Asker: 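Before I ask anything, let me first share the structure, which is written out below as structure tokens.
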Amino acid sequence: RAVGPVMVTPATGAWLLTTPVDRGPLLRSRLMAATTVATLACGAWVAVIGLLAGFDYGAIAVLAAVTALAGGAVTALAASWQARDGRPTRRLAMALALVTAAWLLLVALDAEPSTSSTWLEEPVGWALTGLVGAAMVMLVARAASRVASLLRAQLVPGGSLLASLSGALAGLDFSLAYDVLVARRWRTAATVRPSTGGPDGAWALVWRDVVRLRRSPGAPAALAGSLLVPYVVLRLELDDAIVLASALAAFLSGLWSFSALRTTGRNPGLVRCFPMSLAAVRSATL
């Protein structure tokens with residue numbers, strides 16, 4: 001969602017994409033690069049998790065292969081959906097997030113169904129690997145045939161956004177990285193329905209945050225989902241990591257809820273325009 005499966009640098013967008021030539025070979029190479037990175041990253045990540053969980057080496061190999069191929073297939077699918085502004089990709093990501101949250105809730109309540117990894121080493125596991133591999137090949141071929149129809153406006157913002165995110169993450173400024181993503185989101189949105197009226201005084205600042213959260217209902221949902229983290233960590237018998245995991249989850253999910261506080265904190269000239277003290281502005285935004 002942030003940069004898209006296929007992206008180009010601002011220089012490529014300014015020079016190559018504006019020429020009247022077939023952009024297919026250029027974009028297909030970037031599609032293959034994104035698919036390869038996703039495949040390797042998903043396989044390595046799941047292999048490490050399998051080793052930490054104590055699975056057999058055969059089960060780890062099958063699980064890592066299936067996940068790696070699925071990661072590459074989904075990346076190719078998202079690339080084919082990029083021409084439609086990535087809306088199906090966001091819906092799929094939201095569905096996966098809800099399924100993950102439901103499973104974490106079952107883990108926290110000690111009510112998850114029992115699972116076993118022995119079937120992965122049987123022929124059904126390798127058959128599943130072949131099926132996912134065939135799906136990946138078909139999706140990559142489909143995306144490669146459609147990638148030449150992507151518009152320049154759908155490719156250039158990803159490269160500029162990646163540069164901005166790299167600068168923010170180089171200083172470990174996660175709040176700035178979040179603000180960059182928020183600016184990208186509302187820059188690509190066509191219009192929003194204006195909200196008029198509301199209370200006066202310091203409560204007007206509170207009301208603006210209510211309007212902002214109403215436009216982004218994922219913010220309170222993420223904050224509520226972070227409540228599951230300490231219980232899941234406790235169920236995994238990682239007692240020493242409860243405080244660290246809880247603080248990290250609260251920080252990352254709380255970034256959604258403090259836009260007004262960060263805006264007023266970074267713009268003292270804006271705060272002086274309000275007919276109230278700095279303490280009242282900080283209290284209202286908090």
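The structure presented is a predicted model; accordingly, all values stated were derived computationally and were not measured. Quick note: residue numbers are just sequence positions, from 1.
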Asker: Would L169 and F174 count as a side-chain contact (heavy atoms from CB on, under 4.5 Å) here? Give the steps.
Answerer: CA-CA 7 Å; L169 295 178; F174 294 101; 4.1 Å; yes
Asker: Would you say L92 and W81 make side-chain contact, with heavy atoms under 4.5 Å?
Answerer: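 In short, these two side chains touch, coming nearer than 4.5 Å.
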Asker: Between the side chains of T36 and T39, does any donor sit under 3.5 Å from an acceptor?
Answerer: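 Judged by distance alone, the side chains do not pair up.
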Asker: Starting at CZ of R235, measure out to CG of L104 and round the result to the nearest 0.5 Å.
Answerer: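 CG of L104 is found 11.5 Å from CZ of R235.
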Asker: Give, for atom CD of Q154 and atom CG of L17, the distance between the pair rounded to the nearest 0.5 Å.
Answerer: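 Nearest 0.5 Å value for the CD-CG distance: 11.5 Å.
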Asker: Would the distance check show the side chain of S246 and the main-chain N or O of V243 forming a donor-acceptor pair, the cut-off being under 3.5 Å?
Answerer: no
Asker: Is it the case that one hydrophobic cluster holds both L77 and M32, taking links as side-chain heavy atoms less than 4.5 Å apart, direct or via other members?
Answerer: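 Cluster IDs for L77 and M32 differ.
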Asker: Is a side-chain donor or acceptor of T67 paired with a backbone partner of L63 at a separation under 3.5 angstrom?
Answerer: yes
Asker: Taking C-beta and beyond as the side chain, do L181 and L165 meet within less than 4.5 Å on heavy atoms?
Answerer: yes
Asker: Rounded to the nearest 0.5 Å, what's the gap from CG on L96 to CZ on R91? Could you check?
Answerer: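 Answer for the CG-CZ pair, L96 versus R91, is 14.0 Å.
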Asker: Would you find a donor on one side and an acceptor on the other, under 3.5 Å apart, between the side chain of Q82 and the backbone of V6?
Answerer: yes
Asker: So which atom in A38 and which in G71 form the shortest heavy-atom distance, rounded to 0.1 Å?
Answerer: CB-O, 4.0 Å
Asker: What's the verdict on side-chain contact (heavy atoms from CB on, under 4.5 Å) for V48 and L52, showing C-alpha distance, side-chain angles and the deciding distance?
Answerer: CA-CA 6 Å; V48 171; L52 295 177; 4.2 Å; yes
Asker: Is there a donor-acceptor pair closer than 3.5 Å between any side-chain N or O of D173 and the backbone N or O of L176?
Answerer: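 Yes.
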Asker: Count I, L, V, M, F, W, Y as connected when their side-chain heavy atoms are under 4.5 Å apart, and connections chain through other members. Are L236 and L106 then in the same cluster?
Answerer: yes
Asker: Is there a side-chain contact (heavy atoms from CB on, under 4.5 Å) between T12 and L26? Walk through the geometry before answering.
Answerer: CA-CA 10 Å; T12 302; L26 173 69; 3.8 Å; yes
Asker: Report whether I60 and W126 are members of the same hydrophobic cluster (ILVMFWY, side-chain heavy atoms less than 4.5 Å apart, transitive linking).
Answerer: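 Same cluster: I60 reaches W126 through Ile, Leu, Val, Met, Phe, Trp or Tyr contacts under 4.5 Å.
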Asker: If you draw a 6.0 Å radius around OH in Y57, do more than 12 non-hydrogen atoms from other residues or ligands fall strictly inside?
Answerer: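 No.
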Asker: Mind checking what makes salt bridge (charged side-chain N to carboxylate O under 4.0 Å, His left out) contact with R262, not counting sequence neighbours?
Answerer: D179
Asker: Do you know the tightest heavy-atom contact between A284 and V206?
Answerer: O-CG2, 3.5 Å
Asker: Looking only at non-hydrogen atoms, find the nearest pair between V232 and A108 and report the distance.
Answerer: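 V232 and A108 have their closest heavy atoms at CG2-CB, 4.1 Å.
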Asker: Can you tell me how far the CZ atom of F258 sits from the CZ atom of F251, to the nearest 0.5 Å?
Answerer: 10.5 Å
Asker: Search all heavy atoms of A79 against all heavy atoms of L31 and return the closest pair with its distance.
Answerer: CB-CD1, 3.5 Å
Asker: Please say yes or no: joined through hydrophobic side-chain contacts below 4.5 Å, possibly via intermediate residues, are W203 and M276 part of one cluster?
Answerer: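 No, W203 and M276 fall in different hydrophobic clusters.
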Asker: What is the distance from atom CG of L228 to atom CG of L109, rounded to the nearest 0.5 Å?
Answerer: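 CG of L109 is found 8.0 Å from CG of L228.
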Asker: Tell me the closest heavy-atom pair linking D22 and A148, and the distance in Å.
Answerer: OD1-CB, 4.2 Å
Asker: With distance as the sole test, does R142 use its side chain to make a donor-acceptor pair with the main-chain N or O of S80 at under 3.5 Å?
Answerer: no
Asker: Within the 4.5 Å heavy-atom criterion, are V211 and R208 side-chain neighbours or not?
Answerer: yes
Asker: Does atom OH (Y231) have a neighbourhood of more than 12 heavy atoms from anything else shown, all under 6.0 Å?
Answerer: no
Asker: L27 versus R23: any side-chain heavy-atom pair under 4.5 Å?
Answerer: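 Yes, their side chains come closer than 4.5 Å.
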Asker: To the nearest 0.5 Å, tell me how far L120 CG sits from L128 CG.
Answerer: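 Rounded to the nearest 0.5 Å, the CG-CG separation comes to 8.0 Å.
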Asker: Stepwise, does the side-chain contact (heavy atoms from CB on, under 4.5 Å) test hold for V140 with R28?
Answerer: CA-CA 10 Å; V140 170; R28 276 192 286 271; over 6 Å; no
Asker: Linking I/L/V/M/F/W/Y whenever any side-chain heavy atoms sit under 4.5 Å apart, do V124 and V66 land together?
Answerer: yes
Asker: Do R214 and S195 touch side chain to side chain, with heavy atoms closer than 4.5 Å?
Answerer: yes
Asker: For E122, enumerate each residue passing the side-chain hydrogen bond (donor to acceptor under 3.5 Å, both in side chains) test, keeping only those at least two apart in sequence or located in another chain.
Answerer: none
Asker: Show the nearest heavy-atom pair for residues L150 and L155, with the distance to one decimal.
Answerer: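 What the structure gives for the nearest pair is CD1-CD2, 3.6 Å.
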